[in-house]
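Just follow the structure's listing: the first ligand is 1, and inside any ligand the first atom is 1. Here, residue 1 is the first one in the sequence, and each next residue gets the next number.
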Amino acid sequence: MTLIDGKAIAQRINEQTRAAVAELTARGVKPGLAVVVVGDDPASHAYVRSKEKTSTELGMHSVKHALPHDTTQAQLLEVVRTLNNNPAIHGILVQSPPPKHIDERAIVEALDPRKDVDGFHPINVAKLALGDADAFVPCTPLGCQRLLIESGIETAGANVVVLGRSMIVGKPMALLLMNKGRGGDATVTVAHSRTRNLAEVCSRADILIAAIGQPEFVKANFVREGAVVIDVGINRVADPSSAKGSRLVGDVAFAEVAPKCSAITPVPGGVGPMTIAMLMHNTVLAAQRISR
Ligand code: NDP
């Protein structure tokens, strides 16, 4: 069984990004990433901090807008418009989820699609569905695809089951895998909470991608001998034996599933670091495209 080291692969990709940032900067185009976070959700702030830290480390121009919880829809839209018009900013990310009084869809639609490095704008969703090469693809599924490619796991002709159908992970993951080309050409099944005989459906997969947000839900009977398992889940569970009183687990019951796999991602250290690496990659792409 191969443990897919997402941290090491993400580091390699970040080095490529660093070189691309240096090359753009030498041409007078320093890639700029703006991250907007509304409210004080600790998890959102932790994600934003690591995005800001990585972009700065890679030599990008990094801007953070931390707005108070009571920021209105109109105020947030104004921030987005200002960033859309700022030539020093090539990528804009509004950290999800915003507070309940914010209409997230309207915020995403207000983004300049050319700066939508999260790939959530309807234009980018449509481009992904069309198989257009210039789509911005959501960072987590893009990271999963890249993990497969970098690990030499062939997707062409493979039976892939994507467990979960969110717009952030499951649905774009399925589109990426069914599109033509490298890291695609798979036969894709998408499973979700209404799927019948879920374990049996999953056990047909050569490659199983779990993104449901249910701690250690995928058990050994979901996985066929020799399958590849990509665990997207990040779930915090109570653990009195740890200093923090909790620990992170994936959507896959790693201890019982790993022995059956030919390759599997750990949590943490699998998909998580790839998501940030792909955000940096997308920001460089945005800077390259805008400055063309
Ligand atoms: P959502 O809650 O938006 O979607 C969950 C999906 O899983 C839904 O399609 C839902 O089905 C399905 N689902 C939930 N429970 C079950 C079940 N018991 N059986 C079958 N299907 C089920 O989650 P996200 O897609 O945003 O995130 C999924 C996981 O990935 C989470 O743990 C999240 O923390 C993690 N994540 C990790 C990232 C990373 O960087 N590694 C980035 C983003 C997310 P239905 O549609 O029918 O309700």
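Two residues are said to be in side-chain contact when any heavy atoms from C-beta on lie closer than 4.5 Å; V284 and L24 meet this criterion. For the pair T283/L93, no side-chain contact is recorded, criterion being any heavy-atom separation below 4.5 Å from C-beta on. Counting heavy atoms from C-beta outward, M60 and T17 have side chains that approach closer than 4.5 Å. Taking the side chain as every heavy atom from C-beta outward, V108 and V94 never approach each other to under 4.5 Å. Counting only heavy atoms from C-beta outward, the side chains of C261 and L208 never approach each other to under 4.5 Å. Between L83 and V80 there is no side-chain heavy-atom pair separated by less than 4.5 Å. Contact annotation: the side chain of F217 approaches that of I212 to within less than 4.5 Å [non-hydrogen atoms, C-beta and beyond]. When side chains are defined from C-beta on, K244 counts as touching R236, because their heavy atoms get closer than 4.5 Å.
Residue, atom and distance of the protein heavy atom nearest to atom 40 (O) of ligand 1 are T275 OG1, 2.8 Å. In terms of protein heavy-atom proximity, atom 17 (C) of ligand 1 is nearest to F217 CZ, 3.9 Å. The nearest heavy-atom contact from the protein to atom 44 (C) of ligand 1 is V169 CG2, 4.0 Å. Summary of contacts: the protein heavy atom closest to atom 24 (P) of ligand 1 is S166 OG, 3.7 Å. The single protein non-hydrogen atom nearest to atom 42 (C) of ligand 1 is T140 OG1, 3.2 Å, given as residue, atom name and distance. Among protein heavy atoms, atom 47 (O) of ligand 1 sits closest to S193 OG, 2.5 Å. Closest protein heavy atom to atom 15 (N) of ligand 1: Q214 NE2, 3.3 Å. Considering only non-hydrogen protein atoms, atom 33 (C) of ligand 1 sits nearest to I234 N, 4.1 Å.
Protein heavy atoms all stay at least 4.0 Å away from atom 2 (O) of ligand 1. Distance check for atom 10 (C) of ligand 1: every protein heavy atom is found at 4.0 Å or beyond.
Sorted by first and then second residue, the pairs that involve residues 247-269 and meet salt bridge (charged side-chain N to carboxylate O under 4.0 Å, His left out), not counting sequence neighbours, are D239-R247. Under the salt bridge (charged side-chain N to carboxylate O under 4.0 Å, His left out) criterion, the residue pairs touching residues 123-137 are K127-D134, with sequence neighbours excluded.
The heavy atom nearest to atom 5 (C) of ligand 1, considering only T265, V162, I276, I212, is found in I212. When the options M173, K171, M278, R165 are ranked by their closest heavy atom to atom 46 (O) of ligand 1, first place goes to R165.
Each of T140, L142, V137, V117 was scored for a side chain to side chain contact (heavy atoms under 4.5 Å, CB included) with M278, with one residue passing: L142.
Residue contact annotation: G170 has no non-hydrogen atom under 4.0 Å from ligand 1.
Near V271, with a cut-off below 4.0 Å to any heavy atom, the atoms of ligand 1 are 41 (N). Ligand-side atoms of ligand 1 in range of G164: 6 (C), 7 (O), 9 (O), range being under 4.0 angstrom from any heavy atom. Set against the non-hydrogen atoms of L198, the atoms of ligand 1 under 4.0 Å away are 19 (N), 20 (C). Distances below 4.0 Å separate heavy atoms of N235 from the following atoms of ligand 1: 32 (O). The G213 neighbourhood of ligand 1 comprises atoms 28 (C), 29 (C), 31 (C), 32 (O), with distances under 4.0 Å to a heavy atom of that residue.
Contact annotation: for T195 versus ligand 1, there are no heavy atoms closer than 4.0 Å.
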(message) Checking E78 against R81 for the salt bridge (charged side-chain N to carboxylate O under 4.0 Å, His left out) test, could you report, in this order, the C-alpha distance in whole Å, the side-chain angles of both residues, the deciding distance, and whether it holds?
(response) CA-CA 5 Å; E78 192 46 41; R81 279 195 204 104; 3.6 Å; yes
